[in-house]
Amino acid sequence: MIIILKKSATKQQAEELLAIIAEHGLKPLYMPGSERTVLGALGDERVLAKLSLEAYPFVDRVLPILSPYKRASRELQTHDTVVRVKGVAIGPGHFTVIAGPCAVESEAQILESARLVKAAGGHMLRGGAYKPRTSPYSFQGLEDEGLRYLAAASKETGLPVVTEVTDPHDIPKMVEHADMLQVGARNMQNFRLLKELGRAGKPVLLKRGMSATYTDLLMSAEYILSEGNADVVLCERGIRTFETGTRNTLDLNAVPYLKERTHLPVIVDPSHGTGLRDLVLPMSKAAAAAGADGLIVEMHPQPDHALSDGQQSLFPEQFAKLMEQVGRVAALEGRSLK
Ligand code: PEP
Ligand code: MN
């Protein structure tokens, strides 16, 4: 429920109403604006109906929130959210590029990757320390050692880092070493993990599950938001279809569809979305043209020797070219890579 107060309503009156909402076991939201104050009440619809909030003289209108994802919805917040990761903005006006290898493989490899990302103008470093692999016999990541190498590469280059968290128990150490926590496609509906991330105090990069609908993705974001963490970035990373030519089908419909319905930033992963490095540049340009807020791209100093996802990882010079070309497309959409 959205409660729009009259222009003349005082802060004290708003607080009175927020207390009533909380007393009934509902989650109160306070959203002061330059024109007027808007309150939110989230929870059991039957309890909400009984409150008769319209009856208060300082209430102008009470509107239902029709979307199942309340906090993520533009019905509750019309303006775009800007998520800040240690000084790097993800949101309108910017086109934010996160790049790095699929996995942290050694201290030298992640440090060299970070230097290459920085030199080409990338904004953030990626790299998995805990890798969710299809086969238990594939490289599983360097785990805690990888986290330390990531933090060292971040310290040297100044690039904030994002890394994947696969288990709620790992969150405390992840928070110590990373600036943003990634939820991978395979964990998009790990609701315990999402709830814990809602209380972790770090921005979250939430990747779309490979067979998840847009509403599934937004409901997963809602789990994080409803625990009090407003810094959620959504990521389209390709879905499973009947097509076998590419690893996944990058669904760029997701970008304008999601951006119309949610105020959260939406970025695109053309590496997992295609599985083929030669498709990464054209699909990155397409993502920028579709209105995405940025990209997450796999780049490796030596893709031929990568321990995971080498075939979709860009060579450093391809990444530098991508930054230049995508910058031109993003500029047409009013976004800057600077
Ligand atoms: C990754 O970013 O390396 C990764 C495993 O991505 P996804 O969860 O989208 O498959
Ligand atoms: Mn990968």
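Everything numeric in this text was worked out from a predicted model, so none of it was measured. Ligands are counted one by one from 1 in listed order, and the atoms in each one are counted from 1 as well.
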Practice problem: At a heavy-atom distance under 4.0 Å, which protein residues reach ligand 1? Sort them by chain and number, would you? | Solution: Cys102, Arg126, Lys131, Glu164, Gln182, Gly184, Ala185, Arg186, Lys207, Arg237, His272, Glu298
Practice problem: Going by the side chain to side chain contact (heavy atoms under 4.5 Å, CB included) test, name the single residue among Leu76, Leu18, Ile2, Leu39 that passes it with Leu29. | Solution: Leu76
Do [X] and [Y] have side-chain N/O donor and acceptor atoms under 3.5 Å apart?
X      : Y      : value
Gln312 : Arg247 : yes
Thr81  : Gln77  : yes
Glu75  : Ser67  : yes
His272 : Glu298 : yes
His24  : Asp44  : no

Quiz item: What's the count of protein N, O or S atoms under 2.8 Å from the Mn ion (ligand 2)?
Solution: 4
Quiz prompt | Lys6 and Asp60: CA distance, side-chain angles, deciding distance, salt bridge (Lys or Arg N to Asp or Glu O under 4.0 Å) verdict | solution = CA-CA 5 Å; Lys6 288 189 177 153; Asp60 184 8; over 6 Å; no
Quiz item: Think Arg261 forms a cation-pi with Tyr257, using NZ or CZ under 6.0 Å from the six-ring centre and within 45 degrees of its axis?
Solution: yes
Exercise. Determine, step by step, whether Glu317 and Lys321 satisfy the salt bridge (Lys or Arg N to Asp or Glu O under 4.0 Å) criterion, reporting the C-alpha distance in whole Å, the side-chain angles of both residues, the deciding distance to 0.1 Å, and the verdict.
Key: CA-CA 6 Å; Glu317 48 288 4; Lys321 183 172 157 199; over 6 Å; no
